[in-house]
Amino acid sequence: MAPMKVEIITAERVVYSEDVDVVVAPGIEGELGILPHHAPLMTTLQSGEIRVRKGGEEISMAVSGGFLEVMANKVTILADSAERAEEIDEARAQEAMRRAEERLRTHASDVDLERAVAALRRSQARLKVARRRRTRPSPPQV
Amino acid sequence: MPNIRVIRRRIRSVQNTAKVTRAMEMIAASKMRRSQQRLLAGRPYAEMMREVLGHLAAQIGDTGDEVHPLLRRREVKRIEVIHIAPDRGLCGGLNSNLNRAAGRFILDQGAPVSVVAVGKKARDFMVRSARDVRAVFTDLGDRPSLMDSLSISHLVIQDYASGYADEVYVVYGRFVSTVIQRPFIQKLLPVEPAHLESSLVGGYIYEPNTTEVLGSLLPRFVEMQIYHALLEAIGSEQSARMVAMRNATDSANEMIQDLTLLMNKVRQEAITKELLDIVGGAMALEG
């Protein structure tokens with residue numbers, strides 16, 4: 001299969017830029033998988049996990065919000081933040097999740113509630129990615 | 001013949017100047033490193049976003065009018081120019097280059113121009129040349145956060161959406177290298193459509209739907225472009241200042257050398273003259 005180009009960029013840096021076979025991203029309407037020669041697409045992202053497969057290798061990244069564009073066999077992800085699995089501080093993510101849950105239990109104002117839910121989603125995505133890395137190496141799926 | 005004491009005083013004064021400019025050079029150098037790093041890291045995001053928006057504008061074409069206020073194209077009755085210049089001087093020719101570029105650009109426009117001045121030097125210039133100043137933002141500091149830039153972005157978004165301005169441009173010093181900063185004029189709104197092959201136009205899928213995607217993407221685009229322009233401007237300012245201060249320090253040191261040489265010459269001449277006097281006096285006594 002002809003590879004497609006993927007670029008994952010945040011305001012601070014280029015997180016990932018490679019030719020890959022498959023991209024799976026957390027679209028706002030649910031997870032979406034993108035294969036080469038996908039139709040032009042524009043979607044917002046929610047916090048979650050981005051997986052890209054290149055050859056037999058799969059890389060997983062945590063992303064929190066942003067936009068994804070597919071255009072001319074190129075996937076551009078403009079993320080609010082994105083980290084590769086090895087960059088995630090699991091203890092910190094755990095702590096953030098605990099704090100967010102705490103805040104959700106103690107009833108705060110609406111704005112705080114929204115932020116707490118967002119924070120909770122972010123930390124959950126990070127933890128998921130970090131844990132996936134720990135449970136590997138798994139056999140490459142075909 | 002200049003007086004030795006006068007020269008010595010002059011040397012001391014130049015030495016002090018050199019000390020000051022050297023300190024300023026070092027401060028600018030450390031700020032420069034940080035700001036260059038930030039702007040270079042942020043550039044791919046800003047550029048990619050511009051590209052994506054270009055695709056979007058091309059896809060939407062002339063039907064943009066109803067889709068989102070920030071995609072509406074109108075007859076140009078008023079132009080808004082965001083002029084970004086430093087708060088402070090002592091940065092070589094940067095300020096005058098920026099102001100000249102902005103001034104010329106404004107004069108070239110057929111429609112009336114409103115100016116949003118960012119930075120004291122931008123404000124001073126625009127007020128001095130009696131432009132219609134819409135707003136002034138100063139003291140954003142050397143490390144503005146995205147939050148600091150939002151008040152500018154929101155004003156611009158509002159002005160465009162409400163129909164106050166029909167085109168928006170940003171003028172700032174684009175960082176090319178430590179020694180080169182180029183005044184750069186970027187059209188912000190309306191978004192310029194990219195030139196796409198006809199096979200790629202049409203059939204864009206939006207999730208969840210066009211309104212939502214554009215509703216969150218377009219304001220973010222304006223915010224990020226303005227924020228990035230600020231980063232570029234600050235990187236340029238610090239680089240220009242570092243180079244200007246280095247040149248000043250070098251000139252001061254050169255001046256010290258010249259003055260020292262002159263002082264030695266003067267002193268030697270004085271000694272020679274004194275010796276001649278003494279020898280002449282001794283010979284007169286003997287004779």
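Below, read A as the first sequence line, B as the second, and so on, with proteins coming before strands; counting in each chain starts at 1.
B:Tyr45 is linked by a ring-ring contact (aromatic ring centres under 6.0 Å, His included) to nothing, counting only residues two or more places apart in sequence or in another chain.
Rounding to the nearest 0.5 angstrom, the gap separating the CG atom in B:Leu56 from the CE atom in A:Met71 is 9.5 Å. Note that CD of A:Glu69 is 9.5 Å distant from CG of B:Leu53, once rounded to the nearest 0.5 Å. To the nearest 0.5 Å, atoms CZ (B:Arg220) and CG (A:Asp80) are separated by 4.5 Å.
Atom CZ of B:Arg34 has more than 12 heavy atoms from other residues, nucleotides or ligands within 6.0 Å. Crowding of A:Arg121 atom CZ: a count of heavy atoms from other residues, nucleotides or ligands under 6.0 Å not exceeding 12. Heavy-atom neighbours of B:Arg74 CZ from other residues, nucleotides or ligands within 6.0 Å: above the threshold of 12. Under a cut-off of 6.0 angstrom, the local environment of CD in B:Gln158 is sparse, with at most 12 non-hydrogen atoms contributed by other residues, nucleotides or ligands. Residue A:Arg84 places its CZ atom among more than 12 non-hydrogen atoms of other residues, nucleotides or ligands, all under 6.0 Å distant.
Using a 4.5 Å cut-off between heavy atoms, A:Leu32 contacts chain B through its side chain alone, with no backbone atom that close. With a 4.5 Å cut-off on non-hydrogen atoms, B:Gln37 does not touch chain A at all.
When each of B:Val213, B:Leu40, B:Leu217 is scored by its heavy-atom pairs under 4.5 Å with chain A, the top score falls to B:Leu217. For the options A:Leu68, A:Val70, A:Thr44, heavy-atom pairs under 4.5 Å to chain B are most numerous at A:Thr44.
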(message) I'd like to know whether A:Ile28 forms a side-chain contact (heavy atoms from CB on, under 4.5 Å) with B:Glu212, so could you lay out the CA-CA distance, the side-chain angles of the two residues, the decisive distance to 0.1 Å, and finally the verdict.
(response) CA-CA 11 Å; A:Ile28 198 86; B:Glu212 289 246 342; over 6 Å; no
(request) Walk me through it: do B:Met49 and A:Ile9 pass the test side-chain contact (heavy atoms from CB on, under 4.5 Å)? (result) CA-CA 10 Å; B:Met49 197 148 201; A:Ile9 302 172; over 6 Å; no
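Across every non-hydrogen atom of B:Ala41 and A:Glu12, the tightest pair is CB-O, 2.8 Å.
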